[in-house]
Amino acid sequence: MENEELAFVNRYIAKKFRRSAAERLKNVFRAVLISKSREEMMKEEIIRELKPFYSNFVRMKVENEAAAEAAIALFDDRIRMLPKIIALEIFEDIQFYKSLKNGVAKNYFIQSLVGQIHSLFYQ
């Protein structure tokens with residue numbers, strides 16, 4: 001069971017990075033139709049769900065404690081400033097994460113997602 005769910009997570013991640021132009025365009029249209037209040041709600045949920053994971057990730061990755069604390073402090077603002085399309089995709093990823101049952105698969109997926117978000121902030 002554990003290996004099956006890990007394989008499922010790997011397929012989800014691979015599919016996410018191989019979206020066709022039509023799928024990307026569909027997501028753009030969906031993002032355009034999101035209301036301001038829905039956008040704010042999505043971003044607040046992203047912050048609530050991911051900030052603890054992001055804090056742990058940054059503390060492990062960044063050698064300087066002051067730099068880690070600064071990155072964590074900026075997390076909320078950076079999420080709130082994301083374009084709707086990116087916020088929508090992260091929100092959908094969180095819904096996928098919540099659907100996972102296996103602890104190993106959940107941990108693997110959330111670490112991947114947090115790593116992607118960190119690289120988005122610090123390219």
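If you're wondering where the values come from, they're calculated on a predicted model, not measured in any experiment.
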Close side-chain approach of [X] and [Y], heavy atoms under 4.5 Å:
X: Asn107; Y: Val104; value: no
X: Val32; Y: Lys84; value: no
X: Asn56; Y: Val114; value: no
X: Ile94; Y: Ile110; value: no
X: Arg38; Y: Met41; value: yes
X: Lys15; Y: Arg11; value: no

If you measure from [atom1] on [X] to [atom2] on [Y], what distance do you get to the nearest 0.5 Å?
X: Ser112; Y: Asn10; atom1: OG; atom2: CG; value: 9.0 Å
X: Leu113; Y: Leu50; atom1: CG; atom2: CG; value: 5.5 Å
X: Leu74; Y: Asp77; atom1: CG; atom2: CG; value: 6.5 Å
X: Ile86; Y: Met81; atom1: CD1; atom2: CE; value: 11.5 Å
X: Glu45; Y: Lys98; atom1: CD; atom2: NZ; value: 4.0 Å
X: Ile34; Y: Phe91; atom1: CD1; atom2: CZ; value: 9.0 Å

Fill in: Pair Lys16-Gln116, side-chain donor/acceptor within less than 3.5 Å
yes

Worksheet item: Is a side-chain donor-acceptor pair under 3.5 Å present for Asn27 with Arg30?
Response: yes

Discussion item. Tell me whether the NZ or CZ atom of Arg78 lies within the 45° cone about the ring axis of Tyr122 and under 6.0 Å from its centre.
Written reply: yes

At their closest point, which heavy atom of [X] faces which heavy atom of [Y], and how far apart are they?
X: Ser55; Y: Ile72; value: OG-CG2, 3.5 Å
X: Pro52; Y: Glu49; value: CD-O, 3.9 Å
X: Asp76; Y: Lys51; value: OD1-NZ, 3.1 Å
X: Arg59; Y: Glu69; value: NH2-OE2, 3.0 Å
X: Ala105; Y: Leu6; value: CA-CD2, 3.7 Å
X: Ala68; Y: Val62; value: N-CG1, 3.8 Å

Worksheet item: Hey, which of Phe53, Phe57, Tyr54 is the one that makes ring-ring contact (aromatic ring centres under 6.0 Å, His included) with Phe75?
Response: Tyr54

Practice prompt. Check the hydrophobic clustering (I, L, V, M, F, W, Y; side-chain heavy atoms under 4.5 Å; chains of links allowed) and say if Ile85 and Leu25 are grouped together.
Written response: no

Worksheet item: Got a sec: does the CD of Glu63 have more than 12 other heavy atoms crowding it under 6.0 Å?
Response: no

Worksheet item: Going by an N to O cut-off under 4.0 Å, is there a salt bridge joining Arg80 and Glu44?
Response: yes

Worksheet entry | Residues in ring-ring contact (aromatic ring centres under 6.0 Å, His included) contact with Tyr12, at least two apart in sequence or another chain | Phe96, Phe109

Worksheet item: Under the 3.5 angstrom rule, does the side chain of Glu23 hit a backbone N or O of Ser20 as a donor-acceptor pair?
Response: yes

Practice prompt. Kindly say whether Leu100 contributes a backbone atom to a donor-acceptor pair with the side chain of Glu5 at under 3.5 angstrom?
Written response: no

